[in-house]
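Only one structure is covered here, and it is reproduced in the block below.
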Amino acid sequence: MSGFFQHLSELLGRHPFDDAFIETMRERIREHCSRVPVHVHKRQVAEARLELAAKEAIVSVFQDEFPNAIRPHTVRPDWPYAECWITDDEALIRFSFSPETDSIMGGHTLEPVRIVVQRAPPGLMKRLADSMLKHHLIDENSLHGLKENARLYLGAPDYDLTSKEKRNMRSVPPARLFLYNALDTHYTLGLDAVYNGQLPEESRRLYDRLVMRAARAFEVIENRGFHVNLERFAKASTVLKRRRAKLLRQLQNSVGYEVNWNSPTQVARVLYEDLGMPVMVTTDKGAPSTGEEALVDMEHPIVDLLKKYREIDKLVSTYIDGWSSMMVGSTLYLGFKLAGTVTGRYASRLHQIPRDPMIRSLIDAEDGWVFVAADYSQIELRIVAELAGEPRMLQIYQTNGDIHRMTAQSVLGIEEPSKEERKSAKAVNFGFVYGMMAAKFRLYAKVQYGVHLSESEAQEYRDGFFGLYGGLLKWHERMRKLVRMDGQVRNRAGRIRHLPMVNSSEREARNEAERQAINTVVQGFGGDLKAMALVELHETLPEDEFRVFGEHHDAILMAVRNDCLDKHLPSIRKIMQHPSLMDEFGINLRVPILVDIEVGPWSLGEKWNGD
């Protein structure tokens with residue numbers, strides 16, 4: 001018997017595990033873990049999936065052999081709880097116990113721990129908390145890691161494992177690993193107690209009624225993964241890699257010598273030495289920049305080829321080669337960070353996916369199911385209209401008008417805007433709604449929408465926009481005054497955004513805090529509204545007929561069983577347009593919330609109108 005099992009036996013106060021028991025446990029673990037695909041890029045997901053299967057195996061063995069073996073224990077009398085780890089050749093398993101509640105506990109961040117405990121035997125786990133998400137509601141601007149906050153709030157020593165040890169956990173002596181995890185658990189509950197005393201009452205409601213429910217929904221979502229159409233994936237890989245190779249040949253032929261086009265130093269030599277381009281943008285270290293902002297105003301055939309090469313190379317590296325390393329068969333595993341932004345919106349790798357249908361349509365539903373993307377229509381502009389009380393915007397939305405058409409007609413002077421002219425109107429609306437100045441808007445319009453404007457045109461558009469929607473400037477000033485008084489703003493769901501730099505002695509820092517005060521109440525509420533809908537969809541629609549895959553900006557991505565589309569599509573729209581938590585939170589809107597639903601492969605599906 002290994003020294004670790006002997007050590008664990010002594011700590012649990014049990015008779016030593018004999019070889020037969022250990023072998024039974026290992027066989028059960030191998031049996032459970034063999035059914036789990038774990039070769040995925042995201043380490044936490046891999047660990048979580050292994051831990052879930054192995055925990056089920058271990059619990060079943062303990063219950064068979066030692067009916068009373070799963071019980072709380074402490075490593076030291078002054079520690080309120082501790083944590084046991086059991087290792088074998090296949091997995092590293094964590095158990096957290098609380099003698100006060102006689103329950104298995106979660107961790108500082110319940111990724112992967114929350115996935116481990118989600119299928120605990122009935123009655124074994126009595127509560128589940130995530131102190132990282134709790135701290136994010138208390139102070140969204142600070143680091144949320146367990147180790148740094150344990151040192152900050154609890155005076156903990158630096159007990160972390162080294163980077164080398166974390167890369168090879170099997171090399172860590174069992175006694176050190178046990179102590180490390182016991183300390184992790186000890187300081188998790190210690191921090192949770194601290195955070196409970198700091199969390200405002202309104203934030204507590206947000207935490208209990210929305211944040212933790214969303215966290216539990218994403219346990220299932222992350223574990224389920226996305227279905228990738230392998231036939232489209234193979235075709236896209238071939239097409240994109242051929243395009244990239246062709247562009248590389250064209251670039252090489254253009255300069256006449258070997259260049260690594262992924263090297264900023266070598267690209268800078270071509271641009272600024274060989275071609276003699278003026279240096280308009282520099283890096284933080286003062287070197288000539290070769291980034292997107294530097295290339296946007298350059299005009300040269302080589303620059304055009306370089307832009308196209310970078311675009312294709314990014315698609316290949318991120319969505320072909322990158323996704324391949326995160327796939328098991330046809331399933332793609334991507335994580336979602338619920339504490340990934342200061343506004344409260346979620347973050348994930350999926351948020352950077354381009355609009356290119358060749359890439360988006362790689363994500364689809366498996367046989368027997370249909371992929372569905374439900375997207376909030378102009379949600380930020382609608383929330384702005386609501387919060388600002390801007391009369392013309394309110395009128396447009398309350399009468400089901402077209403705000404981009406209105407802007408095109410009144411600001412751009414175009415009665416019947418074409419598709420490209422409508423794009424210009426969208427740039428104007430989304431650029432100026434938060435108060436962007438003309439100089440920044442000029443760059444924004446070019447980079448985001450491909451709209452090229454002179455300085456005078458940008459200023460004319462800004463003047464015209466605020467002439468049309470004059471109530472926005474009054475709202476901007478009101479938000480500036482509020483954040484100066486309070487140092488924080490609060491969105492309609494009760495989420496607080498702390499902006500201490502509004503009191504900075506530096507003008508630029510103050511101005512940035514004021515800008516954030518304006519946009520964060522909009523973006524934060526948009527994110528919380530989407531989360532409310534996602535939670536309700538996940539909790540209320542039957543899993544054998546409906547599944548949430550994840551979220552992307554203003555959309556919820558899901559799959560509906562083929563024979564249940566007519567049954568569930570109306571429910572999806574109804575829930576998203578008015579999730580029940582809005583009533584519970586006392587949120588009443590004058591502006592109607594609309595949702596566009598697309599049925600079929602992502603970006604290739606057909607619009608569902610409810611007919």
Ion pair [X]/[Y], N-O distance below 4.0 Å:
X: D554; Y: R345; value: yes
X: R232; Y: D364; value: yes
X: R495; Y: E202; value: no
X: K308; Y: D313; value: no
X: K607; Y: D375; value: no

What pairs of donor and acceptor atoms, side-chain ones from residues 452-461 against any protein atom, are under 3.5 angstrom apart with sequence neighbours left out?
| unit_1 | atom_1 | unit_2 | atom_2 | d |
| --- | --- | --- | --- | --- |
| S454 | OG | S456 | OG | 3.1 |
| S454 | OG | E457 | N | 3.1 |
| S454 | OG | E457 | OE1 | 3.4 |
| E457 | OE1 | S454 | N | 2.9 |
| Q459 | NE2 | D463 | OD1 | 3.0 |

Does the plane of the ring in [X] sit parallel, tilted or perpendicular to the ring in [Y]? Use 30° and 60° as the thresholds.
X: W323; Y: Y319; result: perpendicular
X: Y195; Y: H135; result: tilted
X: W602; Y: H552; result: perpendicular
X: H136; Y: H144; result: perpendicular
X: F226; Y: F336; result: tilted

Quick one, [X] and [Y] - any side-chain contact, counting heavy atoms below 4.5 Å?
X: L305; Y: S254; result: yes
X: L589; Y: R492; result: yes
X: L334; Y: S348; result: no
X: R462; Y: M437; result: yes

[X]: salt bridge (Lys or Arg N to Asp or Glu O under 4.0 Å) partners, not counting sequence neighbours:
X: E551; answer: K530
X: E420; answer: K423
X: R310; answer: none

Q. Between Y309 and R244, is there a cation-pi geometry (under 6.0 Å to ring centre, at most 45° from the normal)?
A.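 Output no; distance or angle outside limits.
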
Q: Tell me whether the centres of the aromatic rings in F430 and Y449 are closer together than 6.0 Å.
A: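 No.
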
Q | Selection residues 501-514 - residue pairs positive for salt bridge (charged side-chain N to carboxylate O under 4.0 Å, His left out), sequence neighbours left out | A |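 Of all non-adjacent pairs touching residues 501-514, those that pass salt bridge (charged side-chain N to carboxylate O under 4.0 Å, His left out) are R480-E514, R484-E514, E512-R515.
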
Q. What are the two closest non-hydrogen atoms of A236 and L362, and how far apart are they?
A.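 So the minimum-distance heavy-atom pair works out to CB-CD2, 4.1 Å.
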
Q: Check step by step if side chain to side chain donor-acceptor pair (under 3.5 Å) holds for Y434 and E380.
A: CA-CA 10 Å; Y434 296 122; E380 286 193 27; 2.5 Å; yes

(Q) Could you work out, with side-chain hydrogen bond (donor to acceptor under 3.5 Å, both in side chains) as the rule, every residue matching N429, not counting sequence neighbours? (A)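 Once residues adjacent in sequence are excluded, the partners of N429 under the side-chain hydrogen bond (donor to acceptor under 3.5 Å, both in side chains) criterion are H404, T407.
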
Q. Do the side chain of E390 and the main chain of G471 share a donor and acceptor less than 3.5 angstrom apart?
A.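 Yes, the answer is positive, given that a donor and an acceptor are paired below the 3.5 Å cut-off.
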
